[in-house]
Amino acid sequence: MRTYDDTMFIDTFEHEYTWLSGFMRNVARFSGKTALIDPESKRSWTYASLNEEANRLANALQTLGLKKNDVVMAALRNSPEFAFAYIGPRKIGAILLASHVSFAAVEFALLMNHNRPQAVIYDAEIAPVISEAQAIADWKPKIFIFTGSSRKKNHGLAGSSKNHISYEDFTKKASPKNPEISFRPHIYDEVLRFCTSGTSALPKLVPINDINEVLSAHDVIMHYPLTPNDVTMNMTPWFHRGGSHAGGLCPTLYAGASAIIMRKFQPANTLDWVEKFKITFLTGSPPNLAYLSRAQEKSRRNLASLKGLVTMGAPLSKSDCMRYMSTLTQNIFNGYGTTETFWNSFLRPYNLPEGAGSVGLSCTDDEVRVVRIQEGSETAPEECVAQDNATEGEIIIKAPGKSTCTYINEKSLSAEKFQQGWLYTGDTGVWNEKGIVTVLGRKDDMIITSGENIYPTQIEEVLESHPKVRDSIVTSIPDSVRGQAIVAYVVPADKSLTIRELFDFCTENEKLSLYKRPRYFALIDEIPLTATGKKKHSEMKAGAVKDLEAGLLKKD
């Protein structure tokens, strides 16, 4: 029982404190202000015109019969159409599934079967893959909408399929006015769905509700801070949580700032655009920063506008941090988190370079702990390891404002990964008496290459489907550009098997996306196993660097 009448507060908060309400406030107060710039096409949109484009998409989808909780799947690079798709579907209560643009046809087909999208919006450059996925998927979306090139071209679509249409044709007759809806939005409505790596070809699906969107935006606005006067650009894809939420569309358009579209990362273009558009916050992975630093050393640009160079995906070494502070900007931020929880600890410019190597303290509304690792079950959140910066444990995260604490259609996995609101990350680390955490590795041996999360079992399954392969084990070695490079150790079933055959098999296999293909191979006699028959990934990883130095790891 409250001491006051809370009826109006609850009604207003639960139905009006949404991301879309925040965006529409900016449409009203910043209608003529630039919201979005696409340097490649030399186009830009004000808040008013961006809203109209989102409305056209929303109304076109609604005319097709899409309604609340229907799924719109987008396989798009950073582009104007991605921005329209980020806003438009939620206007009619639909959910945007942000898919990796480089998935293989089988992966797209699995996503379609699992999510049952009514519409698919995709880049024309991946038309052959989408067409193949359409053919093999059991679920058949109502329409496929392609973007990014002339509608007169066929784009590799078999037979010019009748339900494939250009984005321009799909939206050109739709109204630019806000669509009529028959429901009241709610802060717990799912509005966005991200993919994150699983142990099979089907990614885990992370639902994001409206209050997650709002509070993720608030987190960025508070921590940078981000203001309506800022200009952001993300060097990484918006179809990732970090891409959308760390200086991407979510906080930028909620704050009333301006976003620059980078379709594909190119170091020279990035630096040129920072100078030209006076970008204030630039976001990317550690490999992006390495490329930028080299490009800036070759040809210096004026980067004085940068108030923050934000990186996620891996900790920065102190030497790298000092280099980037010298060549790019003193204002470096390094965040740590997950797709499920966004970022949850943060190193700010005043923490660096001294704090480099750690992931810093937890964010204002979050909590990060290191708990004991015990075989067979998860440790309770209270069972923390000593804060001595030496005792290793599993890193767990509590971020109630930024996580739904679940996966789509994965009840047992949700129960396994989330306990009492805590996400068990699978990362291992240590922490000190101040609560500062340092990541040491992966409990489940996940590989992170160029910011992408990969499970070894996915690649092993593909390798072992080769008729000349008896067994395999996949691990990684450090890589200065990618962070980690994938290494495959293979036990031949046929002595005639060659490295070249393995390379070609992985390159041509429809189940392996480009970023999941091994970079190095080695043929071995047997794979080390535990007493219970599990592959010893950690042992192979420990020896992989030595194998590379000894010349035992081969490229094609």
Trainee: Residues two or more places apart in sequence or in another chain: which of them pass salt bridge (charged side-chain N to carboxylate O under 4.0 Å, His left out) with Arg372?
Mentor: Glu383
Trainee: Report yes if the side chains of Leu423 and Lys417 come closer than 4.5 Å at any heavy-atom pair, otherwise no.
Mentor: yes
Trainee: Please determine whether side chain to side chain contact (heavy atoms under 4.5 Å, CB included) holds for the pair Glu394 and Tyr424, giving the CA-CA distance in whole Å, both sets of side-chain angles, and the decisive distance to 0.1 Å.
Mentor: CA-CA 7 Å; Glu394 181 175 4; Tyr424 284 68; 3.4 Å; yes
Trainee: Between Lys535 and Glu460, is there a side-chain N and carboxylate O pair less than 4.0 Å apart?
Mentor: yes
Trainee: Do other residues, nucleotides or ligands put more than 12 heavy atoms under 6.0 Å from the CD atom of Glu526?
Mentor: no
Trainee: Indicate yes or no: does Lys398 engage Asp366 in a salt bridge with an N to O separation below 4.0 Å.
Mentor: no
Trainee: Between Phe333 and Thr311, is any pair of side-chain heavy atoms under 4.5 Å apart?
Mentor: no
Trainee: Would you find a donor on one side and an acceptor on the other, under 3.5 Å apart, between the side chain of Asp547 and the backbone of Leu552?
Mentor: no
Trainee: Look at atom NZ of Lys546 and say whether more than 12 heavy atoms of other residues, nucleotides or ligands are closer to it than 6.0 Å.
Mentor: no
Trainee: What pair of heavy atoms forms the shortest contact from Gly247 to Thr232, and how long is it?
Mentor: O-OG1, 3.2 Å
Trainee: Distance alone, cut at 3.5 Å: any donor-acceptor contact between the side chains of Thr428 and Glu392?
Mentor: yes
Trainee: With sequence neighbours excluded, give me every side chain to side chain donor-acceptor pair (under 3.5 Å) pair touching residues 108-119.
Mentor: Asn115-Arg193
Trainee: Salt-bridge test for Asp320 and Arg323: reply yes if a basic N is under 4.0 Å from a carboxylate O, no otherwise.
Mentor: no
Trainee: Regarding His218 and Glu213, do their side chains bring together a donor and an acceptor under 3.5 Å, going by distance alone?
Mentor: no
Trainee: To the closest 0.5 Å, what do you measure between CD1 (Ile92) and CG (Asn69)?
Mentor: 11.0 Å
Trainee: Flag the pair Met540 / Ile527 as yes when at least one side-chain heavy-atom distance between them is below 4.5 Å, and no otherwise.
Mentor: no
Trainee: From Met235 CE over to Leu309 CG, what is the distance, rounded to the nearest 0.5 angstrom?
Mentor: 5.5 Å
Trainee: Looking at Phe342, I'd like to know if the NZ or CZ of Lys402 sits under 6.0 Å from its six-membered ring centre while staying within 45 degrees of the ring's axis.
Mentor: no
Trainee: Is Arg369 positioned over the aromatic face of Trp431, cation under 6.0 angstrom from the ring centre and no more than 45 degrees off axis?
Mentor: no
Trainee: Can a salt bridge be assigned to the pair Arg184 and Asp189 using a cut-off of 4.0 Å between side-chain N and carboxylate O?
Mentor: no
Trainee: Counting neighbours of CZ on Phe183 that are heavy atoms of other residues, nucleotides or ligands and sit closer than 6.0 Å, is the number greater than 12?
Mentor: yes
Trainee: Classify the angle between the aromatic ring planes of His100 and Phe239 as parallel (below 30°), tilted (30 to 60°) or perpendicular (above 60°).
Mentor: tilted
Trainee: Does the Asn432 side chain pair with the main chain of Ile436, one donor and one acceptor, at a distance under 3.5 Å?
Mentor: yes
Trainee: Once you measure the plane-to-plane angle for Phe346 and Trp343, does it fall in the parallel (<30°), tilted (30-60°) or perpendicular (>60°) bin?
Mentor: tilted
Trainee: Checking Glu464 side chain against Ser472 main chain: does a donor-acceptor pair fall under 3.5 Å?
Mentor: yes
Trainee: Within the 3.5 Å criterion, strictly below it, is a donor on Thr406 or Thr404 matched to an acceptor on the partner's side chain?
Mentor: no
Trainee: More than 12 heavy atoms of other residues, nucleotides or ligands under 6.0 Å from OH of Tyr291: yes or no?
Mentor: no
Trainee: Does Ala399 offer a backbone N or O that forms a donor-acceptor pair with the side chain of Ser403 under 3.5 Å?
Mentor: no
Trainee: When the ring planes of Tyr86 and Phe82 are compared, do they come out parallel, tilted or perpendicular, using 30° and 60° as the limits?
Mentor: parallel
Trainee: Find the distance between CG (Asn409) and NZ (Lys204) and round it off to the nearest 0.5 Å.
Mentor: 15.0 Å
Trainee: Can you measure from NE2 (His240) to OG1 (Thr236) and round to the nearest 0.5 angstrom?
Mentor: 7.0 Å
Trainee: Examine distances only and state if a side-chain atom of Asn334 and a backbone atom of Leu316 form a donor-acceptor pair shorter than 3.5 Å.
Mentor: yes
Trainee: Given 3.5 Å as the limit, does a donor-acceptor pair link the side chain of Asn26 with the main chain of Phe23, or not?
Mentor: no
Trainee: Do Asn212 side-chain atoms and Gly401 backbone N/O form a donor-acceptor pair below 3.5 Å?
Mentor: yes
Trainee: Rounded to the nearest 0.5 Å, how far does CG of Asp210 lie from CD of Glu16?
Mentor: 12.0 Å
Trainee: Are Phe521 and Tyr489, when compared by the centres of their aromatic rings, separated by less than 6.0 Å?
Mentor: no
Trainee: Could you report the tightest heavy-atom contact between Cys195 and Leu97, atom names first, then the distance?
Mentor: SG-CD1, 4.0 Å
Trainee: Evaluate the side-chain proximity of Gln420 to Glu382: yes if any heavy-atom separation is below 4.5 Å, no if none is.
Mentor: yes
Trainee: Is there a donor-acceptor pair under 3.5 Å between the side chain of Thr338 and the backbone N or O of Thr341?
Mentor: yes
Trainee: Would a line drawn from the ring center of Phe418 to the ring center of Trp422 be shorter than 6.0 Å?
Mentor: no
Trainee: Go through the side-chain N and O atoms of Ser513 and Glu107 and say whether any donor and acceptor fall under 3.5 Å apart.
Mentor: yes
Trainee: Is the shortest side-chain heavy-atom distance between Lys91 and Leu20 below 4.5 Å?
Mentor: yes
Trainee: Examine Phe281 together with Tyr224 and report whether their ring centres are nearer than 6.0 Å.
Mentor: yes
Trainee: What's the separation between atom CD in Gln387 and atom CD in Glu433, rounded to the nearest 0.5 Å?
Mentor: 8.0 Å
Trainee: Could you check, using the six-membered ring where one of them is a Trp, whether Trp238 and Phe194 have ring centers closer than 6.0 angstrom?
Mentor: no
Trainee: Any salt bridge linking Lys541 with Glu539? Criterion: basic side-chain nitrogen under 4.0 Å from a carboxylate oxygen.
Mentor: no
Trainee: Do Ile396 and Pro381 touch side chain to side chain, with heavy atoms closer than 4.5 Å?
Mentor: yes
Trainee: Is the backbone N or O of Ile486 less than 3.5 Å from a side-chain atom of Ser476, with the two atoms forming a donor-acceptor pair by type?
Mentor: no
Trainee: Is the side chain of Gln330 donor-acceptor paired with the backbone N or O of Met325 at a distance under 3.5 Å, no angle test?
Mentor: yes
Trainee: Would one find more than 12 heavy atoms of other residues, nucleotides or ligands at under 6.0 Å from atom CE of Met24?
Mentor: yes
Trainee: Could you pull out the closest heavy-atom pair between Ala105 and Ala133, with the gap in Å?
Mentor: O-CB, 3.4 Å
Trainee: Report yes or no: do Thr438 and Ser358 form a side-chain donor-acceptor pair below 3.5 Å?
Mentor: no
Trainee: Would you indicate whether the side-chain heavy atoms of Pro456 and Ile473 approach each other to under 4.5 Å?
Mentor: no
Trainee: Answer whether the closest heavy-atom distance between the side chains of Ile395 and Val439 falls below 4.5 Å.
Mentor: yes
